Amino acid sequence: MKFLPIFGPATILASALAAIALMSSTSALATTVVLDTGHTPRRPGSISPSGNPEYLYNLNVTNVIAARLQLRGIKVIRIAADGNEIALNDRTAGTDHAELFLSIHHDSIQQAWIDAGRRREFTGYAVFVSLKNPAYEKSTRCGRTIGQALLQAGEHPSLYHALPIKGENRPLVDRAAGLHRFDDLVVLKTARSPAVLVEVGVIANPDEEGRLREAGTVQKLGTAIADAAVACLQ
C-alpha cells in the first residue's frame, strides 16, 4: 500500500526556508532524537470517517518534525517512516543512546461512543509518558513542554483518556498540558531514553480529521512539537 503526502513540495520548501532562518539564530544541538511514526501501512491504526488510515496522518506530521529537527542540527533516527513492517518491541531496539524517543499518533475513541453517534464530542490532543521508563522525570518534563506548545499553537487537550472506564483510565500528570501516564504502553516502557507519545488529534471526529489533513494544520502542529522537543533537550 502506498500513501500520497497530504501537502506538496511548495509547502515543504517554504517550511524548510523558514526553519533555515530559525536555525541561523540558534546554535545546533549535538544530540539524537528517535522519531517513531505510529503504525505501518499493513497495520495502519485507526481509520478516519473519510477512509484515511492513521499511519498517513502520523507520517505527515513526522515528516515536518524530522525536517525541522534536522535543520536545527539534531540527528534524527526515523522509525516506520519507510513503510516497512516493524513490531512494537523492535521500535526501541538500539536507541539507548538517544536523548529522546518521540512517537507520533492520532487518536480514535471508544467503539461504544462511535456506535452512539458521539464522534463529534471528542477533540484535542493527548500526551503520554510511562512511570516504567527509566528516565521518567525527563520524559515528564518533555511531555509537559510538548503539551504546552500545542496549547500555545491553539489546540486543547482531549482529557477523555483519564475517564475511569475500561480502555481509558490513564491518570493525568498535568491536566492543563494534557499529559497522562500510560505505564504499559510498549514504546514508552521499553525505551531506555526519555520517551513521549503524542496523540496529535482525534481523527475519529469527522470535523477534526478534516482539519488535521490540511497542510497548514500539519505544518503548525509538527512545528510546535519539534520546537518543544528542542526546548526540552536544551
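Atom set for the values below is all heavy atoms of this structure, side chains included, hydrogens, waters and symmetry mates excluded. Model, not experiment: these values are computed from the prediction. The first residue in the sequence is number 1, and the count goes up from there.
- Separating the NE2 atom in H161 from the CZ atom in F122 is a distance of 10.0 Å, to the nearest 0.5 Å.
- No donor-acceptor pair closer than 3.5 Å links the side chain of N84 to the backbone N or O of A80.
- Applying the disulfide (SG to SG under 2.5 Å) test to residues at least two apart or on different chains, the pairs with a partner in residues 191-234 are C142-C232.
- Scanning for ring-ring contact (aromatic ring centres under 6.0 Å, His included) contacts around Y136 gives an empty result, with sequence neighbours left out.
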Exercise for the section: Show your reasoning for whether salt bridge (charged side-chain N to carboxylate O under 4.0 Å, His left out) applies to D183 and K132. Expected result: CA-CA 6 Å; D183 293 339; K132 295 182 180 180; over 6 Å; no
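- With contacts defined as side-chain heavy-atom distances shorter than 4.5 Å, the pair V196/I146 qualifies.
- Looking at I86 and T40, their side chains come closer than 4.5 Å, going by heavy atoms from C-beta outward.
- Side-chain contact annotation: R213 with S50, donor-acceptor N/O pair under 3.5 Å present.
- Within the structure, side-chain hydrogen bond (donor to acceptor under 3.5 Å, both in side chains) contacts touching residues 188-202 (residues at least two apart or in different chains) are T92-T190.
- Of all the heavy atoms in P41 and G83, the pair that sits closest is CD-O, 3.3 Å.
- Without hydrogens or angle criteria, S139 side chain to A195 main chain gives a donor-acceptor distance under 3.5 Å.
- Remark: R43 CZ is loosely packed, at most 12 non-hydrogen atoms of other residues, nucleotides or ligands lying under 6.0 Å away.
- Side-chain contact annotation: T32 with H97, donor-acceptor N/O pair under 3.5 Å absent.
- Side chains of V129 and R144 form no contact here, defined as non-hydrogen atoms less than 4.5 Å apart.
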Practice task
Under the salt bridge (charged side-chain N to carboxylate O under 4.0 Å, His left out) rule, what do K138 and E99 come out as? Steps first, then yes or no, please.
Solution key: CA-CA 10 Å; K138 185 167 184 179; E99 279 73 30; over 6 Å; no
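- Using a distance-only test at 3.5 Å, with no hydrogens or angles considered, no donor-acceptor pair links the side chain of E209 to the main chain of A204.
- Taking the six-membered ring for Trp and the full ring otherwise, the centers of Y57 and H106 sit less than 6.0 Å from each other.
- Ion pairing of E155 with K220 is present here, as a side-chain N (NZ or NE/NH1/NH2) and a carboxylate O approach within less than 4.0 Å.
- Closest non-hydrogen pair, R175 versus P157, comes out as O-CG, 4.0 Å.
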